[in-house]
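Worksheet: the structure to be examined is printed underneath.
Residue numbers start from 1 in every chain, and the chains themselves are labelled A, B, ... in the order their sequence lines are given, proteins ahead of strands.
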Number of protein chains: 2
Amino acid sequence: MPSRALSFVAEPGEIAGETSSTLKAFGVLEVLVRAGRAVTLSELMQATELPKPTLHRTLALFEEAGYLAREPGGRAYIIGERLSHFGLDVLRNDRAATQRRTVLRRVVSEIDESCNLAVLQRGALIYLDRIEVEWPLRLQIPVGGVAIPPHCCASGKLLLAYRPVAERQRLLELMALKRFTERTITDRQVLASEFDRIVTSGYAVDNEEYVLGVACVAVPVRSPHGEVIASLAVQGATARLPLMRAIEFVPRLQAAAADIGSTFG
Amino acid sequence: MPSRALSFVAEPGEIAGETSSTLKAFGVLEVLVRAGRAVTLSELMQATELPKPTLHRTLALFEEAGYLAREPGGRAYIIGERLSHFGLDVLRNDRAATQRRTVLRRVVSEIDESCNLAVLQRGALIYLDRIEVEWPLRLQIPVGGVAIPPHCCASGKLLLAYRPVAERQRLLELMALKRFTERTITDRQVLASEFDRIVTSGYAVDNEEYVLGVACVAVPVRSPHGEVIASLAVQGATARLPLMRAIEFVPRLQAAAADIGSTFG
DNA sequence: GCCATCGTTTCCGATAAACGGTACGAAAAG
DNA sequence: CTTTTCGTACCGTTTATCGGAAACGATGGC
């Protein structure tokens with residue numbers, strides 16, 4: 001076996017040299033999470049330089065607690081539900097989150113419409129933050145949990161559109177495409193070309209596809225490395241915010257998205 | 001002082017009752033991260049029920065390592081840069097889980113009942129993913145970790161039934177067939193014939209065998225090699241989802257199970 | 001069917017880490 | 001200024017963690 005180099009190894013002795021068992025365990029999680037795929041025990045042995053029984057005990061502990069899980073039909077470890085939730089809470093509440101919130105507030109005050117910042121987690125659209133303008137007519141969405149099916153809102157379509165083509169295609173085949181209004185896109189062909197249009201134009205729109213009378217425009221938020229990790233969107237009642245007017249906000253949204261993107265990483 | 005209620009407390013004994021120091025420490029982080037603001041030592045004492053010196057040591061450890069930091073000009077703890085980075089990596093990593101979750105979401109939206117994906121690990125049933133529909137009456141299952149005894153739920157019985165006969169037999173003899181309701185199967189003979197019926201029919205049911213008023217139907221998820229690696233199940237209160245109605249969902253569950261299975265390999 | 005690799009589990013003594021009552025200085029409240 | 005609350009430090013005790021070695025089972029390649 002050619003002993004393929006692992007891309008997610010830690011510094012030599014960085015984890016094994018740690019005196020505290022808790023920090024050692026956390027180091028294991030960091031390595032696993034950086035990997036970006038299911039990781040086996042022996043890979044983690046290489047990457048962390050920890051002895052086999054220690055590693056096995058640590059992983060079993062996290063698995064038992066729900067932070068980690070196993071790839072079905074295999075032995076490799078993947079991120080569990082509890083760790084996913086934890087990661088999301090971190091992003092919502094870390095110091096950079098307050099910077100993002102400041103930027104978001106600024107955009108809202110500039111354009112005087114509700115804005116939100118969303119990410120795609122496990123194929124679902126989830127809000128990192130949202131700021132509502134004080135209008136009598138507004139969308140009520142519970143803060144926190146799962147928000148809106150991705151195929152019928154600007155943020156969801158945008159975040160899907162910027163995924164690697166193969167993955168995007170696969171997800172498109174598997175998605176539900178439930179209809180909410182007469183304008184909801186329920187045809188996979190149409191949605192596929194919508195994705196192309198989004199990548200070409202650099203923004204996505206929701207023309208009353210989820211709720212009649214509500215329009216959205218979303219632009220990508222890129223990390224310093226250039227990958228699209230979030231979506232910044234403006235959303236409002238068409239009576240006040242017709243789609244054409246919303247699209248005029250795109251440049252300002254893009255400027256704000258650049259500011260927000262710089263807070264990641 | 002009116003001892004303002006803390007919104008981010010853990011369940012009583014959830015953290016303090018944990019035997020592993022690592023999991024205790026992780027529980028502290030979870031509480032802190034959920035808080036959404038700088039948190040003081042004494043607030044964490046309330047929220048976690050841990051003794052003061054223990055907490056102080058744990059927090060100092062994380063601060064030293066860069067996972068936590070102090071509020072500028074104060075003593076309260078906030079999320080450190082290293083933890084922020086960790087959170088972002090968790091979010092980035094979800095590629096594997098996305099497709100499964102997308103399919104699961106699709107089933108839930110089609111049949112409008114709660115569904116879950118489970119595997120059998122060391123004879124225990126573990127949920128990989130769950131999506132609950134927004135009904136007032138629903139089952140509360142702790143996130144992650146060991147869930148339900150396999151002998152009294154559809155997924156557990158199904159996954160046992162599809163094991164090689166020798167192993168199935170061995171597990172059957174080892175299991176403690178604890179009774180939960182009057183319908184729980186506690187006789188090994190009966191359970192063995194139940195296994196046969198499951199393999200013959202291709203699906204398993206739970207007719208209020210774990211909780212009165214809750215029924216389940218489960219179908220196998222097969223890898224491209226044909227082995228049963230997971231179980232896809234629908235579950236709901238019998239008032240809304242009588243067993244007969246649940247069984248009608250079997251074909252749709254099987255179609256979704258095929259999609260999920262195709263995501264391996 | 002054979003062999004190599006990988007994952008899981010056991011044992012156990014030594015070591016070190018976690019524990020938490022107690023106490024003291026610092027800060028805030030009154 | 002007094003009093004209370006809070007954060008930090010100490011330290012003897014205890015207990016979990018560590019990890020080498022090795023065996024076993026499962027897996028996959030050939």
Would you kindly give the [atom1]-to-[atom2] distance between [X] and [N], to the nearest whole Å?
X       : N      : atom1 : atom2 : value
A:Leu55 : C:dT8  : CG    : P     : 10 Å
A:Leu59 : D:dC18 : CG    : P     : 12 Å
B:Leu44 : D:dT8  : CG    : C1'   : 15 Å
A:Arg57 : D:dC18 : CZ    : P     : 5 Å
A:Leu41 : D:dG25 : CG    : C1'   : 15 Å
A:Leu23 : C:dA17 : CG    : P     : 11 Å
B:Lys24 : C:dA18 : NZ    : C1'   : 8 Å
B:Glu63 : D:dT8  : CD    : C1'   : 12 Å

### Task
Specify whether B:Phe26 and A:Phe26 have parallel, tilted or perpendicular ring planes, treating 30° as the upper limit for parallel and 60° as the lower limit for perpendicular.
parallel

Taking OP1 and OP2 of [N], is either one under 4.0 Å from a side-chain nitrogen or oxygen of [X]?
X       : N      : answer
B:Ser20 : D:dA16 : no
A:Arg70 : C:dG7  : no
A:Thr40 : C:dC6  : no

### Message
Taking the nucleotide of DNA chain D with the nearest heavy atom to each, does A:Arg75 or A:Thr58 sit closer to the 5' end?
### Response
A:Thr58

Of all the choices, [options], which nucleotide is nearest to the side chain of [X] once you look at every atom?
X       : options               : result
B:His56 : C:dA18, D:dG19, D:dT8 : D:dT8
B:Thr54 : D:dG20, D:dT8, C:dC19 : C:dC19
A:Ser42 : D:dG7, C:dA18, C:dC6  : C:dC6

### Query
Quick one: do the B:Ser7 and B:Arg37 side chains pair a donor with an acceptor below 3.5 Å?
no

### Query
Are A:Thr263 and A:Arg100 linked by a side-chain donor-acceptor pair shorter than 3.5 Å?
yes

### Message
Once hydrogens and angles are ignored, does a donor-acceptor distance under 3.5 Å link the base of D:dG7 to the side chain of B:Lys52?
### Response
yes

### Query
Within 45° of the ring axis of B:Tyr77 and under 6.0 Å from its six-membered ring centre, is that where the NZ or CZ of B:Arg70 lies?
yes

### Message
What's A:Thr19 touching, base or sugar-phosphate or nothing? Going by heavy atoms closer than 4.0 Å.
### Response
sugar-phosphate

### Query
Contact class for B:Pro53 (heavy atom, under 4.0 Å): base, sugar-phosphate, or nothing?
base

### Task
Select from B:Leu61 and B:Gln121 the residue whose nearest nucleotide in DNA chain C is closer to the 5' end of that strand.
B:Gln121

#### Entry: Cationic N near anionic O, under 4.0 Å, B:Arg82 to A:Glu30
yes

